[in-house]
Amino acid sequence: MERILILDFGSQYTQLIARRIREAHVYCEIHPGTMPADEIQRFAPKGIVLSGGPASVLEPDAPRPDPIVFSLGVPVLGICYGMQLITAMLGGTVGPAHAREYGRAQLEVVGDGGRLLAPFAAQRRLDVWMSHGDRIERPPAGFTTLARTENAPHAVIADETRGIYGLQFHPEVVHTPWGAALLTHFARAICGCGGTWTMASFVEEATRRIRAQVGAGRVICALSGGVDSTVTAVLLHRAIGEQLVCVFVDNGLLRLGEAEEVRRTLKEELGLPLVFVDAKARFLRALSGITDPEQKRKTIGRVFVEVFEEEAAKLGRVDFLAQGTLYPDVIESMPVKGKSHTIKSHHNVGGLPERMRLKLVEPLRELFKDEVRELGRELGIPESFIARQPFPGPGLAVRCVGEITEEKLAVLRAADAVVQEEIRAAGLDTRLWQAFAVLLPVKSVGVMGDRRTYAWCIAVRAVESQDGMTADFAKLPYDVLARIATRIVNEVPKVNRVVYDITSKPPGTIEWE
Ligand code: XMP
């Protein structure tokens, strides 16, 4: 298989390099910058990208790739720190920039721009995005300068005979408008990749790999109703048929009508072998009296594991646990990134594989979220299901502030159904990352008819986001907000006030708990 190797030196943009190359239908993987030589050889890349990173090659312990990257005879592209590595390792000079360059800059093409800039050189001046402290003072022997900026006399360098290229700017970010085309040009024309990587080819390849890994074993898969676990299950079902069993646990913390909708889609439309477990009462009992958010999350995780284990035990021998792990999770746990501080515990099924002594099957671990959606379409999963907004594992429990009771859940479900209906009616559901209701068990005074009311409050939360890591509150039209407020107060008993959450993330989180 044709593939590009991206060696990561810790840039916040490394994932974007991978996405841009995959958008060119060329498969690529991110590995730590310090990947050992034998593993690089086994990977057999058609080209190598050295990412940017926060270090300076002028520091003694700056991370470096194994020098084998320069002698495999495949093209190498260094971006920012990656370019400085090329310069330092091949005998050029790197120095601190006289003026640090951050943000937009103009790239001026020198001469014909060489092979790398050939498709773009006619423009002479190109907008680029810079973010660097060091710069190239003198390129290594054999290198020519293809472009410069005001503060970087060697902003693009190349050794055409060896196929080694360096860029001082970031082609992977949207602020370099022609950057995606440049990365496509590198992967296709310079590395010679055919651009044949599609979801159809991924399905074939993944099916082969799943069969090879699982053999005659049995696989259990926890379905949540979300896109990732559904796509995982459908892909596995296609590969191994009835060797797969799916378990869906109704924890009583789902939205109105959701458990039934999920059951119908998964079982009847998609034909998955599904065990449906009604554990509503058990979760409610376990949650009774608990008000602390982390305690709620941990309790839900623990009860889930218990229920799941009991169901698995009824199935006899099981060898594998299937999980919808995605590429960002894999990258986040790579050593260069380090462990970030836990804000909320997100592991919905924490510790399950270890406890059950099951081996893991993770067929989506190389894919990004939008690629998973594309895969879902390829596998024939209904669009309504694929376009679903994310829903947290602990469900309505983290949207019902304080203790969870059946009464509060019923109020929250009814209010949330209004939010869902109105957002959909306004055609906003696919434009928003999430929109939902939160129940605040705070009472305030109101007046309905001629009667005084004293009842709970609903907060409406709607956010726009790319990945859930950061988010902006959505500027919903006032008439949509007004309809939501009117309907909730009129239709949902025990609520007399609606507020709109205008906090972005950071500093707020998307969910309230
Ligand atoms: P926060 O509240 O941390 O949420 O800003 C970011 C995104 O993650 C979702 N979320 C979860 N997803 N299990 C999940 O699978 C969880 O425990 C969990 N908690 C939050 C949240 O809905 C938002 O999209």
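Atoms within a ligand are numbered from 1 in the order they appear, just like the ligands themselves.
For ligand 1, the polar-atom distance check against Pro390 finds no nitrogen or oxygen pair separated by under 3.5 Å. Where the criterion is an N or O separation shorter than 3.5 Å, residue side chain and backbone included, Gln434 meets it with respect to ligand 1.
Side-chain contact between Arg104 and Asp127 is absent, with no heavy-atom pair separated by less than 4.5 Å. Put simply, the side chain of Leu379 reaches to within 4.5 Å of the side chain of Val203, judged on heavy atoms. A heavy-atom distance below 4.5 Å is found between the side chains of Ile6 and Thr14.
The aromatic rings of Trp197 and Tyr27 sit tilted relative to each other, their planes meeting at an angle between 30° and 60°.
For ligand 1, the atoms lying closer than 4.0 Å to a non-hydrogen atom of Pro394 are 13 (N), 16 (C), 17 (O).
Nearest-heavy-atom check against atom 14 (C) of ligand 1 across Gly393, Ala397, Gly324 picks out Gly393. Residue nearest to atom 6 (C) of ligand 1, selected from Gly226, Gly508, Gly468: Gly468 (by heavy-atom distance). Considering only non-hydrogen atoms, atom 3 (O) of ligand 1 lies nearest to Lys505 out of Lys505, Arg297, Glu513, Arg461.
With salt bridges taken as basic N to acidic carboxylate O contacts below 4.0 Å, one links Arg483 and Glu422.
Residue contacts with ligand 1 do not include Gln389, since none of its heavy atoms lies under 4.0 Å from the ligand. Residue-ligand proximity: Trp433 is placed with a non-hydrogen atom under 4.0 Å from ligand 1.
Between the side chains of Ser444 and Arg497, at least one donor N or O lies within less than 3.5 Å of an accepting N or O.
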